[in-house]
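See below for the structure under consideration.
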Amino acid sequence: MVKITARKFVGRENVYDIGVKRDHNFAIKNGLIASNCFNKSHSTAYGYVTYQTAYLKANYPLEYMAALLTANSGDTDKVQKYINNCASMGIVIDPPDINRSGLDFTPAAKKILFGFTAVRNVGQNAIASILLARNEGGEFESLADFCDRVDLRAVNRRTVESLIHCGAFDKIEANRQQLICDLALVYDWAQSRDKDRASGQGNLFDFAGGDNFADPNTQTTNNNFDVVPKADPVGDFPPQEKLRMEKELLGFYVSDHPLKSLTKAASVLSPINLSQLNEQREDTKICAVIMLNNVKKVVTKKGAQMAILQIEDLTGQSEAVVFPKTYERISEQLQVDVRLIIWGKVDRRDDQTQLIVEDVEPVETVKMVMVELNPQQARDIEELRRLQTILQEQSGDKEKANMPVIGIVQSENSRQLVRFGWQFRVQDSRITVQALQNARFTAHLEPLIN
């Protein structure tokens with residue numbers, strides 16, 4: 001083979017495929033220059049694999065997506081993307097289930113179950129013990145039944161807490177806080193019972209509810225779990241707290257998502273989501289409803305503070321940058337696991353797309369300006385110009401004008417929402433509504449969260 005020590009343009013020449021029997025890649029012979037392309041066997045293999053995966057996705061979507069999630073379970077971004085793909089395909093992703101989940105993502109009854117390996121603090125020995133106990137004794141009927149049957153040397157208290165918090169016991173008891181409170185008593189009871197078995201001694205609980213004494217060394221004792229100690233009744237965790245723990249233990253929101261209730265409002269507020277950032281031109285202004293996952297504080301060479309944010313919406317995750325002047329103004333609102341409206345612009349550096357943050361506000365405090373127009377007003381140029389003038393007057397400082405204005409065109413048979421452009425955003429919602437009402441427009445404030 002001829003070694004290439006220099007590169008130069010030699011004009012247009014005939015080329016041949018490297019799939020030929022002789023004269024392989026980069027060989028120069030008889031005035032021909034080999035093309036750097038796939039050989040036929042390589043291309044055929046890729047084509048065949050592509051056909052196979054397309055066939056599986058089309059005909060066995062549950063099994064295919066479960067395998068895809070399992071194969072990429074170590075990559076949070078990819079798993080999030082595939083979970084979103086499942087949602088668009090109508091496939092529901094269920095949280096782990098103590099009586100149904102296996103090691104990995106598993107297709108079951110038109111759903112995909114999270115596997116135990118996806119739960120933090122649940123090791124391989126614990127999983128093996130859970131599956132063994134379930135296979136030998138059937139489904140677990142209660143927290144006490146679970147703690148009594150698994151090997152507590154492998155399944156420690158922290159493991160059980162994690163399984164409760166991620167929703168694995170929801171089918172047995174939906175009140176997760178009650179289970180956590182009960183666990184403090186039940187786990188100690190199960191440990192004591194396990195020690196009694198190991199020493200060959202009986203326990204009063206082994207014999208409660210039965211007429212005959214059972215062998216304490218067997219697993220077939222007449223169990224009456226109604227007498228197992230339990231904590232006083234308590235209310236469940238707030239929904240936001242339950243979702244926060246799910247995210248901490250699974251890496252994702254599974255049973256629900258804090259932004260799901262805002263889907264319609266977010267689509268009205270902004271047509272662009274995080275998965276579409278790469279498609280936007282540089283400096284495009286963006287408004288998005290997001291969850292703030294992480295705040296990394298950075299000190300510049302001049303000693304000023306700034307931050308790099310990890311944000312997500314229902315479609316994916318992205319990185320956002322808060323420069324010093326903006327950070328000084330909004331730092332108090334940058335709290336992890338908080339739902340925010342974020343305003344910024346698209347920035348591209350080193351082939352990566354990120355969001356430069358200009359302002360944020362908690363979704364609970366955002367109020368949109370709603371202007372109601374009848375069809376005649378919507379077609380009247382003079383009326384539209386009058387409306388435009390009022391909104392431009394209310395924009396004030398363009399850098400601070402972030403509040404959206406939504407038009408409602410109401411007729412007898414339809415109700416259409418019209419999003420006004422970025423240039424018509426206003427600085428103060430209440431003052432804007434008052435100005436519109438003074439000009440005989442029907443206007444009101446509407447919170448993003450009803």
Side-chain angles (χ1 to χ4, degrees), residues 258-274 276 280 283-292 313-314 326 329-330 332-333 338-346 355 357-450:
L259 299 180
K260 191 173 289 185
S261 61
L262 301 175
T263 302
K264 291 184 178 179
S267 64
V268 171
L269 194 64
S270 174
I272 299 172
N273 53 52
L274 295 185
Q276 299 170 322
Q280 308 305 312
D283 292 331
T284 299
K285 285 185 173 291
I286 298 293
C287 172
V289 182
I290 60 97
M291 284 293 296
L292 182 55
D313 64 8
L314 290 172
T326 305
R329 176 166 49 86
I330 69 171
E332 292 184 0
Q333 303 198 61
V338 169
R339 298 181 295 180
L340 296 172
I341 302 293
I342 191 167
W343 291 274
K345 61 182 180 180
V346 176
L355 192 62
V357 178
E358 296 176 341
D359 204 358
V360 300
E361 185 168 348
V363 296
E364 290 79 9
T365 63
V366 172
K367 293 184 177 181
M368 299 180 289
V369 177
M370 313 296 288
V371 184
E372 298 182 25
L373 303 170
N374 59 48
Q376 184 178 353
Q377 284 179 301
R379 291 191 296 265
D380 190 325
I381 295 178
E382 291 301 321
E383 279 288 279
L384 294 178
R385 284 178 179 171
R386 199 162 65 88
L387 176 59
Q388 177 180 333
T389 300
I390 294 172
L391 296 180
Q392 288 177 335
E393 289 173 352
Q394 295 301 318
S395 65
D397 186 344
K398 293 291 184 182
E399 296 298 321
K400 298 179 181 179
N402 287 325
M403 291 298 104
V405 179
I406 309 296
I408 306 173
V409 181
Q410 183 79 47
S411 65
E412 292 182 2
N413 301 320
S414 66
R415 184 175 186 268
Q416 186 175 4
L417 298 182
V418 180
R419 185 190 309 105
F420 286 79
W422 189 277
Q423 67 272 29
F424 296 113
R425 292 177 183 260
V426 297
Q427 191 167 334
D428 190 305
S429 299
R430 294 185 182 278
I431 294 177
T432 300
V433 167
Q434 188 62 54
L436 289 168
Q437 292 174 346
N438 291 341
R440 300 187 304 280
F441 284 103
T442 303
H444 67 276
L445 289 177
E446 187 164 314
L448 195 64
I449 300 179
N450 291 320

Begin with the C-alpha distance, continue with both residues' side-chain angles, and end with the deciding distance and a verdict on side chain to side chain contact (heavy atoms under 4.5 Å, CB included) for Val426 and Phe420. CA-CA 11 Å; Val426 297; Phe420 286 79; over 6 Å; no
Begin with the C-alpha distance, continue with both residues' side-chain angles, and end with the deciding distance and a verdict on side chain to side chain contact (heavy atoms under 4.5 Å, CB included) for Val363 and Leu340. CA-CA 5 Å; Val363 296; Leu340 296 172; 5.6 Å; no
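Using a 4.5 Å cut-off on side-chain heavy atoms (C-beta onward), Leu417 and Ile408 make contact. In this structure, the side chains of Val346 and Asp283 stay at 4.5 Å or more apart for every pair of heavy atoms. In this structure, the side chains of Leu436 and Thr442 stay at 4.5 Å or more apart for every pair of heavy atoms. By the 4.5 Å heavy-atom criterion applied to side chains, Asp359 and Thr326 are not counted as neighbours. A 4.5 Å side-chain heavy-atom check between Met291 and Leu259 finds at least one atom pair inside the cut-off. For the pair Ile406/Val371, no side-chain contact is recorded, criterion being any heavy-atom separation below 4.5 Å from C-beta on. You'll find the side chain of Thr365 reaches within 4.5 Å of the side chain of Pro362, heavy atoms only. Annotation: side chain of Gln416 is not in contact with side chain of Gln410 (no heavy-atom distance under 4.5 Å).
Atom CG of Asn374 and atom CG of Asp380 lie 9.5 Å apart (nearest 0.5 Å). For the atom pair CG (Leu355) and NZ (Lys345), the distance works out to 10.5 Å, reported to the nearest 0.5 Å. Summarising the geometry, atom CD1 belonging to Ile390 is positioned 5.0 Å from atom CZ belonging to Phe441; distances are rounded to the nearest 0.5 Å. Taking OG1 of Thr432 as the reference point, atom NZ of Lys367 lies at 13.5 Å (rounded to 0.5 Å). Atom CZ of Arg425 is separated from atom CH2 of Trp343 by 7.5 Å, given to the nearest 0.5 angstrom. A distance of 9.5 Å separates CD1 of Ile342 from SG of Cys287, quoted to the nearest 0.5 Å.
Considering every non-hydrogen atom in both Pro258 and Ser261, the closest pair reads O-OG, 4.0 Å. Scanning both residues, Arg329 and Glu358, for their nearest heavy atoms gives NH2-O, 2.8 Å. Of all the heavy atoms in Leu384 and Ala378, the pair that sits closest is CD1-O, 3.4 Å.
Remark: side-chain polar atoms of Thr389 are paired, donor with acceptor, to backbone N or O of Arg385 under 3.5 angstrom. With hydrogens and angles disregarded, no donor-acceptor distance shorter than 3.5 Å links the side chain of Glu383 to the backbone of Arg379. For Asp313 (side chain) and Val289 (main-chain N/O), no donor-acceptor pair under 3.5 Å exists by modelled atom type.
For Asn438, the side-chain hydrogen bond (donor to acceptor under 3.5 Å, both in side chains) test picks out Gln434, with sequence neighbours left out. For Glu364, the side-chain hydrogen bond (donor to acceptor under 3.5 Å, both in side chains) criterion is met by Arg339, not counting sequence neighbours. Considering only residues two or more places apart in sequence or on other chains, Glu372 meets the salt bridge (Lys or Arg N to Asp or Glu O under 4.0 Å) condition with none of them. Residues that satisfy the side-chain hydrogen bond (donor to acceptor under 3.5 Å, both in side chains) test with Gln437, not counting sequence neighbours, are absent from this structure. Residues passing the side-chain contact (heavy atoms from CB on, under 4.5 Å) test with Ile431, sequence neighbours excluded: Gln394, Asp428. For Arg430, the side-chain hydrogen bond (donor to acceptor under 3.5 Å, both in side chains) criterion is met by no residue, not counting sequence neighbours.
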